[in-house]
**Q** 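I have a structure here, written as structure tokens, and I will follow up with some questions on it.
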Amino acid sequence: MPNQAANNSANRNVTLVLFHNDLRVADNATLLKASEMSTDGKLLLVYASLLTDILDDKDAYRYEAMGQARQQFLHESLADLNASLIQRGNRLLYFQKDDEALDVFTQLSDLIAQQQVTDICISQKADYNQNKVYDLLQAKYPEIQWHIQTTSTLFDELPLESLPKSFTQFRKQIETDYDLLHAEKDIAISPTPETLAPLPDNMQSRNEYFFEYQLSNQAGRDKPSQQPSSFRGGELNGLKHLDAYFDSDAPSTYKTTRNALDEWAHSTKFSGWLANGSLSVNMILNRLRRYERDMIANDSTYWIWFELLWREYFYWYAVTHQQKLFWFKGIAQHAPSTQLIESLLAQWKNGTTQYPIVNACMNQLRTTGYISNRGRQLVASCFIHELGLDWRYGATYFEQHLIDYDVASNWGNWQYLAGVGADPRGCRQFNLDKQTQQYDPNGEFIRQWQGNPQKSD
Ligand SMILES: Cc1cc2nc3c(=O)[nH]c(=O)nc-3n(C[C@H](O)[C@H](O)[C@H](O)COP(=O)(O)OP(=O)(O)OC[C@H]3O[C@@H](n4cnc5c(N)ncnc54)[C@H](O)[C@@H]3O)c2cc1C
């Protein structure tokens, strides 16, 4: 990439926003902060793909390329964000590993140096690896001011003195001290900036940085197939789904349907938009409160809050336990007695185990990037108990494919099921026959996702 000296001396500041899991303009305290700080300056709005590749041990558990469904959902989310930023007078700059093999960290560092960036705005993260990369950047440019906002959780910081060992203790304390579901006032939403400061002058025609240009390059190389599910990425689609969900009767029966293996309305399906930040959890909670006020408040509506608290718990769990989130023995004293067996790992991934229900779920995951919570529990339990595999390889495969991949919820749930996490009962094994009878009594789900091994002649 050619070096171009920056000429920003006339500007008060050059602010750079590093988007990650905050891909929206509404209720985005990070974008708001950047827009307020840069009124007389210039603004660089950046998404740096796979920034953590710079770290040595990132691929330890066979992380291969991001699955197509996850990639497509992410690209839709970024395209929508880009459109919103263009409407406001700026645009999204996108960094990915380029053909000259410059890693993303180096490309980003070059931009920071060329543009004489004075301030960097990010959202607070539970992501240990992403935070390590931010530390590297901070060490490289100690003169830059960093501004960190909360955009993905209900609380700005852990609202308790320390994180309780179990979710139940956490929930009870939160509900006693901060019952957000029944609080008098709605949760405050950050205003959406109407306009944004422009790009630095010398960046205005640097098409090679623009998201559209980078994406068309990418699409040429590795075109994602149409995603055969109802998930469409982006803030606009997320907000439409939020409206549609709370305009329906589905919330009033959520608790009785949430364990189903399939069906769009049986659970909220907020997870993909929540995970990459196209939807804010505050806006979801406000809609839930409105539903309770205007429609009905019952066990089911309460249970949506309950599940959002699980998400919150795992976020603070990841912040508390840092790199232990990825350790084989997790936060426990002893490692499990499982191991990596390549042939069994391949069977699980390809949906060719001897367990039709597991195969069906894995086929659904590979094709759509989504499986229900019950499906995740079954395939993870099979992975750990029936196949006796090292849980970290399963978590990594989920990371590759889930459109709602979230570092805290994914690794936290896997640890929980492997008996090395926050489960006071130690270890959970699901009886796959019983679960099949209960959740797929007529075999429809297994047929739809071809869970029965194909018989060869
Ligand atoms: C092994 C395993 C891995 C998982 N990996 C992820 C992941 O990477 N990303 C992710 O968002 N969820 C993960 N989950 C949690 C859960 O399965 C999904 O959040 C849920 O299935 C998403 O569908 P939904 O939005 O319809 O959920 P709903 O049932 O409608 O729940 C509403 C919201 O609550 C949150 N939530 C629900 N259950 C959980 C839970 N057990 N842990 C944390 N948050 C929860 C989610 O944000 C979800 O969108 C995992 C669960 C397991 C067992």
Side-chain angles (χ1 to χ4, degrees), residues 17 19-35 45 47 69-70 72-92 123 149-154 180-181 185-196 211 227 229-252 254 258 264-295 301 304-305 307-308 311-312 368-370 402-406 409:
V17 176
F19 283 102
H20 185 54
N21 291 336
D22 45 8
L23 307 182
R24 63 176 186 269
V25 294
D27 194 29
N28 186 337
T30 299
L31 185 64
L32 182 67
K33 175 80 183 170
S35 82
L45 301 164
Y47 184 87
R70 184 173 172 212
Q72 183 171 338
F73 190 78
L74 175 63
H75 285 168
E76 288 164 358
S77 309
L78 293 171
D80 187 50
L81 176 66
N82 186 37
S84 298
L85 298 177
I86 288 174
Q87 274 172 13
R88 287 165 176 77
N90 203 304
R91 65 189 324 127
L92 189 64
S123 297
Q149 312 297 317
T150 303
T151 56
S152 69
T153 45
L154 294 166
L180 298 181
L181 182 60
K185 286 190 187 153
D186 271 4
I187 299 176
I189 299 293
S190 295
T192 309
E194 283 178 16
T195 56
L196 294 167
F211 171 72
Q227 193 176 306
S229 79
S230 306
F231 292 100
R232 289 282 170 266
E235 181 174 12
L236 207 62
N237 288 324
L239 289 170
K240 270 192 210 154
H241 174 60
L242 182 67
D243 280 343
Y245 185 72
F246 283 111
D247 285 345
S248 77
D249 292 335
S252 66
Y254 168 78
R258 59 178 281 273
W264 182 251
H266 281 175
S267 63
T268 68
K269 303 295 187 295
F270 291 148
S271 56
W273 291 287
L274 265 176
N276 69 20
S278 302
L279 269 184
S280 106
V281 68
N282 293 335
M283 289 171 78
I284 293 179
L285 188 52
N286 282 342
R287 282 304 302 261
L288 175 61
R289 289 158 47 101
R290 210 165 92 197
Y291 190 89
E292 286 209 332
R293 277 198 310 267
D294 299 348
M295 307 302 289
T301 52
I304 297 174
W305 152 254
E307 294 300 339
L308 290 174
R311 174 179 178 272
E312 192 80 14
T368 67
Y370 180 86
L402 281 176
I403 58 166
D404 62 22
Y405 170 68
D406 171 87
S409 291

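As a basis for the values below, the full set of heavy atoms in this structure was taken, side chains included, without hydrogen atoms, waters or symmetry mates. For reference, positions follow the sequence shown, starting with 1.
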**Q** Looking at R232, is its backbone amide N or carbonyl O close enough to the side chain of W273 to form a donor-acceptor pair, meaning the two atoms are under 3.5 Å apart?
**A** yes
**Q** Kindly compute the distance separating CZ (R311) from OG (S409), expressed to the nearest 0.5 Å.
**A** 6.5 Å
**Q** With sequence neighbours left out, what residues match R91 under side-chain hydrogen bond (donor to acceptor under 3.5 Å, both in side chains)?
**A** E212
**Q** Does the side-chain contact (heavy atoms from CB on, under 4.5 Å) test come out yes or no for Y405 and N21, once each step is laid out?
**A** CA-CA 10 Å; Y405 170 68; N21 291 336; over 6 Å; no
**Q** Can you tell me how far the CD1 atom of I304 sits from the CZ atom of F270, to the nearest 0.5 Å?
**A** 6.5 Å
**Q** Hey, is the main chain of A275 close enough, under 3.5 Å, to the side chain of D404 for a donor-acceptor pair?
**A** no
**Q** Counting C-beta onward and ignoring hydrogens, is there a side-chain heavy-atom pair between D186 and R289 closer than 4.5 Å?
**A** yes
**Q** Does any pair with a residue in residues 240-252 pass side-chain hydrogen bond (donor to acceptor under 3.5 Å, both in side chains), and if so which ones, sequence neighbours excluded?
**A** D243-R287
**Q** Does the side-chain contact (heavy atoms from CB on, under 4.5 Å) test come out yes or no for F19 and L85, once each step is laid out?
**A** CA-CA 12 Å; F19 283 102; L85 298 177; 4.2 Å; yes
**Q** So, do R24 and T151 sit near enough that their side-chain heavy atoms are less than 4.5 Å apart?
**A** yes
**Q** Can you sort out the partners of K33 under side-chain hydrogen bond (donor to acceptor under 3.5 Å, both in side chains), two or more places apart, ordered by chain and number?
**A** none
**Q** For the residue pair R290 and F246, establish whether any side-chain heavy-atom pair is separated by less than 4.5 Å.
**A** no
**Q** Dump the intermediate steps for side-chain contact (heavy atoms from CB on, under 4.5 Å) on T153 and V281, then the final yes or no.
**A** CA-CA 7 Å; T153 45; V281 68; 5.5 Å; no
**Q** Can you find a pair of side-chain heavy atoms, one from L45 and one from N82, that are under 4.5 Å apart?
**A** no
**Q** Rounded to the nearest 0.5 Å, what's the gap from OG on S152 to CG on D406? Could you check?
**A** 7.5 Å
**Q** Quick check: W264 with F231 (ring centres under 6.0 Å apart)?
**A** yes
**Q** Between S271 and K269, is any side-chain donor less than 3.5 angstrom from a side-chain acceptor?
**A** no
**Q** Taking atom types as modelled, find out whether S123 and T30 have a side-chain donor-acceptor pair closer than 3.5 angstrom.
**A** yes
**Q** With no hydrogens and no angle check, do the side chains of S77 and N276 hold a donor and an acceptor under 3.5 Å apart?
**A** yes
**Q** For T268, what residues pass the side-chain hydrogen bond (donor to acceptor under 3.5 Å, both in side chains) criterion, not counting sequence neighbours?
**A** none
**Q** Measure the CD-CD distance between E307 and E312 for me, rounded to the nearest 0.5 Å.
**A** 13.5 Å
**Q** Side chains of E292 and L181: closer than 4.5 Å at any heavy-atom pair?
**A** yes
**Q** Report the residues that fulfil side-chain contact (heavy atoms from CB on, under 4.5 Å) with A34, sequence neighbours left out, ordered by chain and then residue number.
**A** T15, V17, L43, C121
**Q** As a quick check of understanding, evaluate side-chain contact (heavy atoms from CB on, under 4.5 Å) for H266 and Y254, giving each step before the final call.
**A** CA-CA 6 Å; H266 281 175; Y254 168 78; over 6 Å; no
**Q** In a table with atom names and distances, give each donor-acceptor pair under 3.5 Å that connects a side chain of residues 189-196 to protein atoms at least two apart or in another chain.
**A**
none

**Q** Decide yes or no for V25 and R88: does some side-chain heavy atom of the first lie under 4.5 Å from some side-chain heavy atom of the second?
**A** yes
**Q** Does any part of the side chain of E235, heavy atoms only, come nearer than 4.5 Å to the side chain of L239, both counted from C-beta?
**A** yes
**Q** Looking at CE of M283 and CG of D27, how far apart are the two atoms once the value is rounded to the nearest 0.5 Å?
**A** 6.5 Å
**Q** Would you compute the distance between atom CZ of F211 and atom CG of L78 and round it to the nearest 0.5 angstrom?
**A** 4.5 Å
**Q** Are the side chain of D80 and the backbone N or O of E76 linked by a donor-acceptor pair below 3.5 Å?
**A** no
**Q** Report yes if the side chains of T368 and F73 come closer than 4.5 Å at any heavy-atom pair, otherwise no.
**A** no
